[in-house]
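FYI, side chains are in, hydrogens and waters are out, and symmetry mates aren't considered; it's all heavy atoms of this structure.
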Amino acid sequence: MKKCVALAAAAGSLFVVSAAPPPASYSILIRGGTIYDGSGGSPFVGDVALRGDKIVYVGPHATGRAARTIDASGKAVSPGFINMLSWANEDLIADPRGMSDTYQGVTLEVMGEGDSMGPWTPEMKRLEIKRQGDIKFPIRWTSLGQYLEWLTRKGITPNVTSFVGATTVRVHELGEKDVDPSPAQLLRMRALVRQAMKEGAVGVGSSLIYAPATYAETPELIALAQEAGRCGGMYISHMRDEGPKLLQAIDELVTISRNSGAPAEIYHYKQAGKDNWGKIDAAIARVNAARASGQRITADMYTYAASSTGFDAAFPTWMQDGGLEAWVKRLKDPQLRAKAIAEMKGPQGTENAKLVVDDPEKVLLVGFKQAKLKALTGKTLAQVAKMRGKSSAETAADLIVEDGTRIQVVYFSMNPDNVKREVALSWMSFGSDAGSQAPEGVFLKSSTHPRAYGNVARLLGLYVRDQHATTLQDAIRRLTALPATNLSIRERGSLKPGYYGDVVVFDPATIRDNGTFERPQQLASGVEQVFINGVQVLRNGKHTGATPGQFVRGPGWSGWPGGGACR
């Protein structure tokens, strides 16, 4: 009897051991979705599996056990989307969740349009703190790499990277005045670009319609782009003109790329002003010709027919020589103000100046610093001018003086038909040209452009699903693999084993932007699950609060094996 009991016990022990489940093969298994891998090829139904922070399987049927399985049947599964022009640099300090972009599936924010968060001198830090608006923060870094490292150590949801700003480098050595660099100063500017590239920047970015960036001449920009190119990076630019001299501005960008050896990209590709809408064919032809000659020229855009910037894009740049405070002082001088407004009305006036002077109902006021002016948020310049009994140009000048800022505005200057055509261009990626906000807290102190909440969702909803302007697989390619390739970043932008687990699950039938120009601060809908570095940050359409974002370093980073691409 004792022998039988012992045998039974042994058998029971064997049964327990053999019945124990095998260890999980995957941390996450996304099962049965329609997979768009970022290549632009035909989608297929299958599985995507993650283990830790990496993708380990993409194919028709994953075998093995998962710690957690997500049913993606009937949904699209794609790489995380890349925002090629992000102004989330301050927003993520205030709120690390990056809500407005996370709800659209954005997993990488690319910053640095002309201005970057370093390298800064003590005087630049002082001015930055003095000029801060609704979001206040101490500056605990000096270089661009230090900022990105500080931000990710602090904990943020999205991945981040940045161009080093050509304006920032210029101000570092020359201040904000209209001067040319000496040979020695230019050498120091080049060294600053090279240092930023070694810290992980993805290239150098310019914004040439704004002072003091506009004071930079082509040879200066070639020199800076050359340093970026030598480190495997690119040159990217808000070009010198997007209206009457649009084609000449494209020619300058192509020249900078050719003479520096760096690939180049046009920020927020557009034709501003009704008189320039017809230049779209020639503008596209310019880019295609450069590409056909062997140059790598690309562009990005936002999916709305209105831009957003400050009144500095409307006033003559000579008024802004020396910086914001000098501009405000000149606007207080009746003679200088009159001279500036006369120029705005004349042939040398920019497209934004023409709206301020002739079509102020197409200029929407969205961002003030002073509490006493915030009641004007959401009104047009025409409405405020009528309230005050002054011309629209005089009203704009008064507001700048009263607020002590450039004031954020929306300019309705683009052709919707051109926007629809541009979203289909094979070399076009997408950037919101906006922050990543939340419809709560400090962000409600000002308004914004709806692109901050809907740039990607509008592409995939309005332009892909509703208007059939391009295919879903190609739109996803140009949200993922194309910008990742242009940026020369590693193991991002595609659903491939060994790549980082930046994955989006969304419903192509319901994805849409919800913000309007009247009520822009509304989160997009239709994105259900988002993973960043293998961590779920959006679950069933709700933010999890997770902050797994990393500093995605460019090809020149000195920490890469072999010391990076800088030569």
For this session: For W560 and G554, indicate whether the former's side chain and the latter's backbone hold a donor-acceptor pair under 3.5 Å.
Result: yes

For this session: Go through E325 and R330 one step at a time and tell me if the salt bridge (Lys or Arg N to Asp or Glu O under 4.0 Å) criterion holds.
Result: CA-CA 9 Å; E325 293 76 18; R330 290 189 185 102; over 6 Å; no

For this session: Please determine, by modelled atom types, if Q271 and N418 share a side-chain donor-acceptor pair under 3.5 angstrom.
Result: yes

Exercise. Quick one: CG on D502 to CD on E491, what's the gap to the nearest 0.5 Å?
Worked result: 11.0 Å

Problem set entry | Side-chain donor-acceptor contact under 3.5 Å, S293 with R258 | no

Exercise. Just by distance, with hydrogens left out, do T405 and D403 show a side-chain donor and acceptor under 3.5 Å apart?
Worked result: yes

Exercise. If you round to the nearest 0.5 Å, how far is CE of M189 from CD of Q185?
Worked result: 8.0 Å

For this session: Measure from NZ or CZ of K270 to the centre of the six-membered ring of W277 and say whether it is under 6.0 Å with the direction within 45° of the ring axis.
Result: no

Exercise. Given the rule in the side-chain contact (heavy atoms from CB on, under 4.5 Å) test, do V169 and V193 qualify, once you have shown the distances and angles that lead to the verdict?
Worked result: CA-CA 7 Å; V169 168; V193 171; 4.1 Å; yes

Exercise. Do we see a donor-acceptor contact under 3.5 Å between the side chains of S446 and D134?
Worked result: yes

For this session: Indicate yes or no: does E265 engage R296 in a salt bridge with an N to O separation below 4.0 Å.
Result: no

For this session: For K177, look at atom NZ and say whether over 12 heavy atoms of other residues, nucleotides or ligands are found less than 6.0 Å away.
Result: no

Exercise. On the ring face of Y500, is R492 found with NZ or CZ under 6.0 Å from the centre and within 45° of the axis?
Worked result: yes

Problem set entry | Residues N159 and T107: side-chain donor-acceptor under 3.5 angstrom | no

Exercise. Counting only heavy atoms not in K125, do more than 12 fall under 6.0 Å of its NZ?
Worked result: yes

Problem set entry | Side-chain donor-acceptor contact under 3.5 Å, Q408 with T309 | no

Exercise. How close do V328 and G404 get, heavy atom to heavy atom, and via which atoms?
Worked result: CG2-CA, 4.4 Å

Problem set entry | Verdict with reasoning, T303 to N455, per side chain to side chain donor-acceptor pair (under 3.5 Å) | CA-CA 6 Å; T303 54; N455 193 54; 3.1 Å; yes

Seminar exercise, completed: Scanning both residues in full, the closest heavy-atom pair of I256 with A225 reads CG2-CB, 3.9 Å

Exercise. So is R451 actually on top of Y453's ring, under 6.0 Å and inside 45° of the axis?
Worked result: no

Exercise. Which atom pair, heavy atoms only, marks the closest approach of P555 to G233?
Worked result: CG-N, 4.1 Å

Exercise. Out of K198, R567, R190, which residue meets the salt bridge (charged side-chain N to carboxylate O under 4.0 Å, His left out) rule with E227?
Worked result: R190

Problem set entry | Backbone of G118 reached by a side-chain donor or acceptor of H172 within 3.5 Å | no

Exercise. Is D417 salt-bridged to K420, going by a charged N under 4.0 Å from an acidic O?
Worked result: no

Problem set entry | Euclidean distance, L331 CG relative to D333 CG, rounded to 0.5 Å | 9.5 Å

For this session: Could you tell me the separation between the CD atom of Q104 and the CZ atom of F430, rounded to the nearest 0.5 Å?
Result: 12.5 Å

Seminar exercise, completed: Heavy-atom closest pair (R490 atom, P561 atom, distance to 0.1 Å) is NH1-CD, 4.4 Å

Exercise. In terms of side-chain heavy atoms, does H268 have a donor or acceptor partner in E242 at a distance below 3.5 Å?
Worked result: yes

Problem set entry | Which atom of T161 lies closest to which atom of G200, heavy atoms considered | OG1-O, 4.1 Å

Exercise. Does Q295 reach the main-chain N or O of V254 with its side chain, forming a donor-acceptor pair under 3.5 Å?
Worked result: yes

For this session: Please test R477 against D474 for salt bridge (Lys or Arg N to Asp or Glu O under 4.0 Å), starting from the C-alpha separation and ending with a verdict.
Result: CA-CA 5 Å; R477 176 185 71 84; D474 196 50; 2.7 Å; yes

Problem set entry | Nearest-0.5 Å distance that lies between atom CG in N89 and atom CG in L148 | 9.5 Å

Exercise. Could R406 and W327 be counted as a cation-pi pair, given that NZ or CZ must be under 6.0 Å from the ring centre and within 45° of the axis?
Worked result: no

For this session: Decide whether E252 and T218 meet the rule of one side-chain donor and one side-chain acceptor closer than 3.5 Å.
Result: yes

Seminar exercise, completed: Which of N83, L85, L487, I489 passes side chain to side chain contact (heavy atoms under 4.5 Å, CB included) with V110? It is L487

Exercise. Taking the side chain from E128 and the backbone from I139, do they hold a donor-acceptor pair closer than 3.5 Å?
Worked result: no

For this session: Let me see the working for F81 and T480 under side-chain contact (heavy atoms from CB on, under 4.5 Å), right down to the final yes or no.
Result: CA-CA 5 Å; F81 303 137; T480 58; 3.8 Å; yes

Exercise. What do you reckon, are the aromatic ring centroids of Y235 and F163 less than 6.0 Å apart?
Worked result: no

Problem set entry | Donor-acceptor contact below 3.5 Å, side chain S436 vs main chain D101 | yes

Problem set entry | Flag, side chain of S116 to backbone of G165, donor-acceptor distance under 3.5 Å | yes

Exercise. Taking all non-hydrogen atoms of both residues, which atom of G431 and which atom of Y302 are closest, and how far apart?
Worked result: O-CB, 3.4 Å

Problem set entry | Working for side chain to side chain donor-acceptor pair (under 3.5 Å), residues S206 and S237 | CA-CA 5 Å; S206 67; S237 181; 2.7 Å; yes

For this session: Decide whether a cation-pi geometry holds between R458 and Y304; the criteria are a distance under 6.0 Å from NZ or CZ to the six-membered ring centre and an angle within 45° of the ring axis.
Result: yes

Exercise. Taking S100 for the side chain and Q437 for the main chain, is one N or O donor matched with an acceptor at less than 3.5 Å?
Worked result: yes

Exercise. Between F137 and W141, what is the ring plane arrangement, given parallel below 30°, perpendicular above 60°, and tilted in between?
Worked result: parallel

Exercise. Can you check side chain to side chain donor-acceptor pair (under 3.5 Å) on E113 and S207, steps first, answer last?
Worked result: CA-CA 6 Å; E113 185 202 357; S207 51; 5.4 Å; no

Exercise. Would you say the side chains of Q226 and S260 form a donor-acceptor pair under 3.5 Å?
Worked result: no

Exercise. Counting distance only, does the side-chain N/O of T485 pair as donor-acceptor with the main-chain N or O of A481 below 3.5 Å?
Worked result: yes

For this session: Would you please classify the geometry between the Y210 ring and the H238 ring as parallel, tilted or perpendicular, with 30° and 60° separating the classes?
Result: perpendicular

Exercise. Could D281 and R421 be called an ion pair, given the rule that one side-chain N must be under 4.0 Å from one carboxylate O?
Worked result: yes

For this session: Indicate yes or no for a side-chain donor-acceptor contact from D513 to the backbone of A457 under 3.5 Å, with no hydrogens or angles considered.
Result: no

Exercise. In terms of side-chain geometry, is the basic nitrogen of E176 or R131 positioned less than 4.0 Å from the acidic oxygen of its partner?
Worked result: yes

Exercise. Do K369 and E402 meet the salt-bridge criterion of a basic N to acidic O distance under 4.0 Å?
Worked result: no

For this session: Look only at the side chain of R291 and the backbone of R286, and say whether a donor-acceptor pair between them is shorter than 3.5 Å.
Result: no

Exercise. For the atom pair CG (D241) and OG1 (T214), what is the distance rounded to the nearest 0.5 Å?
Worked result: 9.5 Å

Problem set entry | CA sep, side-chain torsions, deciding dist, call: D178, W318, side-chain contact (heavy atoms from CB on, under 4.5 Å) | CA-CA 8 Å; D178 183 1; W318 61 260; over 6 Å; no

Problem set entry | Donor-acceptor pair between Y215 and T317 side chains, under 3.5 angstrom | no

